[in-house]
J.: 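Below you will find the structure I want to go over with you.
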Amino acid sequence: MCGIVGYVGKRSAQDVVVEGLRRMEYRGYDSAGIALLDADNEGLAVRKKSGKLANLEKLIAEEPLPDSTIGIGHTRWATHGGPTDANAHPHLGRAGRLAVVHNGIIENFAELRLELEAAGHDLLSQTDTEVAAHLLEAELDTGADLTVAMQRVCQRLEGAFTFVAIDSEDPDRIVGARRNSPLVVGIGEGENFLGSDVAAFIEHTSEAMELGQDQVVTITRDGVSVSGFDGSPGQGQRYHVDWDLSAAQKDGYDWFMRKEIHEQPRAVADALLGRRDADGQLQLDEMRLSDDELRGITKIIIIAAGTSFYAGLVAKYAIEHWCRIAVEVELSSEFRYRDPILDHSTLVVAISQSGETADTLQAIRHARTQRSKVLAICNTNGSTIPRESDAVIYTHAGPEIAVASTKGFLTQLVACYLLALYLAQVKGTRYGDEITTVVEQLEAAPDQIAAVLESSAGTMKRLAGEYLEAQTFLFLGRHAGYPVALEGALKLKELAYRHAEGFAAGELKHGPIALVADGLPVFCVVPPEGRDFLHDKMVSGIQEVRARGAHTICLVEEGDESIAPYADEIVWLPKVPVLLQPLVATVPLQLFACELATALGHDVDQPRNLAKSVTVE
Ligand code: F6R
């Protein structure tokens, strides 16, 4: 959700914080703000502005900030209170001694606000954050230092939150805290950083420290110290970030999304790296569940949200087919409210690119209380979901900056296939040579994805131009093509703001076909030949919509000429097995959404109302 940056060192804090905010902006862009401690001990200097970071930069140009080497910044995704200047962070304490930025939601803020108002505090915004600012400053006024004030206040708060604060009477330290919301420390020489994720400081240091749940961190120029909310000494975990600044830059592309779409061949190759030992057996580094534990699994429940949920739907087809284990796929926001049947023989697989999604995090916590083992599929090292899981498969896609997930999704698919094959290996439901064949098919995917990118990019751009005025789009698929249809529709909704629906093609005649009217664009993901039954049924579905005037854009395996009579447009896909088809079929749909949104003049990387990781339930 919101992006947070903190810096203390020798450089210009304004430069470091604003640059960090630029890299954090994908997390939220309703407003941005900065607070610095004046180098001449003149107290706090604050600038904040609704809208994107550019608005804040303009304000700073008009009202320059003083020199400073310590400061904090924030880019907001609005929760409590609209995206106004007053609600923008940082928020100040009662007398303006302290400034704080915040991500998350303080659930008991209403009662705390009443308490403050009864004590005569004037709150200037509608945010829950300002309540924390006043509470923190009240603690400082009792003589506590900022670290102790943070510990005390956090103990009073309910909900999920990250805070980063500075105190104008203590100009050498920044204090942060986290509960169910991300915060990482960047460790430099004579300087230290705080960030919602490592992108905030990656151009300055690759040395990072992850913080545990309910921890407070204090950074100065020369040190980092960690404690619990109760003041007990704590420890963070140091790690090295294995990607660099270039991964967080656009490299000449107009959008991060386009760059990330084009990075997919490499991302998929990286997701497959090092997964086989010298004997060709699959190995998953952070599996941490023993073969015996895996053999004891009788049911798998996959939980995820949005695009990651669609990866879970594909995983169901693969796991059930290769491993003969029953798989349920559930939206994480619904999971714990339906009282799911869980026990020690249920494996819960949580798929989350960010590793922070609050719905998914709460769902895995529920699963663990029911004694189920949890395996996370995640792209973000050290994030909360993998940390709270029994096992992890990291997807190694590198940072995904565009709000819409692309390479995150394809690499989740790879991780799902690897998990399915690994379970098949352990449970003996597939012979070794069968597993090797699929792994080799997966290893061919990077080149196939590159080929689809090359062959479909021009067509998708042209089609985007042709469908500029279309208000509704349908996407049809069957089997593993069904989640692809859902994903194609989601991408279009979130980027082009057009009405788009994905359907299992067989469901069409049970209602949705009533939507079909003359000229309606319908994307059809055609299963590969060889699955004749599926393929033929899909052809019937295409005929049905075409007969009612739809424009059919068919994603078809090379050499399959049977679709030509019913297709207004054919997008050729490389020949791949049906279960792996999502790896190639998703790509043209990503490109189409990107092109249509670009042609419509939308901000592709930062679509309206969205943010990259959804850390509120
Ligand atoms: C869509 C998209 C979202 C996420 C969803 C879950 O492009 O990115 O639908 O997939 O918010 O996020 P993660 O995977 O971080 O849990």
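Atoms within each ligand, like the ligands themselves, are counted from 1 in listed order. Side-chain atoms are counted along with the backbone in the values below, which use heavy atoms only and exclude waters and symmetry mates.
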J.: Could you see which bit of Glu356 sits under 4.0 Å from ligand 1, with heavy atoms only: side chain, backbone, both or neither?
T.: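 For Glu356, there is no contact with ligand 1 at all, from either part.
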
J.: Who's closest to atom 5 (C) of ligand 1 heavy-atom-wise, of Ala305, Ala404, Ser405?
T.: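 The nearest heavy atom belongs to Ala305.
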
J.: Without swapping roles, check the side chain of Glu286 against the backbone of Tyr394 for a donor-acceptor pair under 3.5 Å.
T.: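 No.
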
J.: With atoms numbered from 1 as shown, which atoms in ligand 1 lie under 4.0 angstrom from a non-hydrogen atom of Lys491?
T.: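 The list of qualifying atoms is 1 (C), 7 (O).
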
J.: Can you tell me the protein heavy atom closest to atom 3 (C) of ligand 1 and the distance?
T.: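 Here the closest protein heavy atom is Thr307 N, 4.0 Å.
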
J.: Which option wins on minimum heavy-atom distance to atom 16 (O) of ligand 1: Ile385, Thr357, Leu610?
T.: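 The nearest heavy atom belongs to Thr357.
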
J.: Considering only protein heavy atoms, which is closest to atom 7 (O) of ligand 1, and at what distance to one decimal place?
T.: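 Going atom by atom, the protein heavy atom closest to atom 7 (O) of ligand 1 ends up being Glu494 OE2, 2.5 Å.
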
J.: Under the side-chain contact (heavy atoms from CB on, under 4.5 Å) rule, collect the residues that match up with Ser333, sequence neighbours excluded.
T.: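 Here the qualifying residues are Leu331, Asp359.
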
J.: Are side-chain N/O atoms of Ser31 and Ser50 paired as donor and acceptor at under 3.5 Å?
T.: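 Ser50 and Ser31 do not have a side-chain donor-acceptor pair below 3.5 Å.
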
J.: For Thr360 and ligand 1, does the shortest N/O to N/O distance drop below 3.5 Å?
T.: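 No.
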
J.: Any idea which atoms of ligand 1 are less than 4.0 Å away from a heavy-atom of Ser308?
T.: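 Checking each atom against Ser308, I get 10 (O), 13 (P), 14 (O).
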
J.: Would you please indicate yes or no on a ring centroid separation below 6.0 angstrom for Phe523 and Phe592?
T.: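 That pair passes the under 6.0 Å test.
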
J.: If the cut-off is 4.0 Å to any non-hydrogen atom of Val403, which atoms of ligand 1 fall inside it?
T.: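 Taking each heavy atom of Val403 in turn, ligand 1 has 8 (O) under 4.0 Å.
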
J.: Take Phe161 and Phe163, measure what ring-ring contact (aromatic ring centres under 6.0 Å, His included) needs, and give me the verdict at the end.
T.: CA-CA 6 Å; Phe161 46 81; Phe163 291 110; 5.3 Å; yes

J.: Just to confirm my output: which protein heavy-atom neighbour is closest to atom 11 (O) of ligand 1, and how far is it?
T.: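 Going by distance alone, atom 11 (O) of ligand 1 is nearest to Val614 CG2, 4.1 Å.
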
J.: May I ask you to test the Phe473-His499 pair for a side-chain heavy-atom distance under 4.5 Å?
T.: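 Phe473 vs His499: side chains apart.
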
J.: Is any side-chain N of the basic residue among Arg338 and Glu328 closer than 4.0 Å to the acidic one's carboxylate O?
T.: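 Here Arg338 pairs with Glu328 in a salt bridge, since their nearest N and O are under 4.0 Å apart.
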
J.: Which heavy atom of the protein is the closest neighbour of atom 15 (O) of ligand 1, given with residue, atom name and distance?
T.: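 In this structure, atom 15 (O) of ligand 1 has Ser354 OG, 2.6 Å as its nearest protein heavy atom.
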
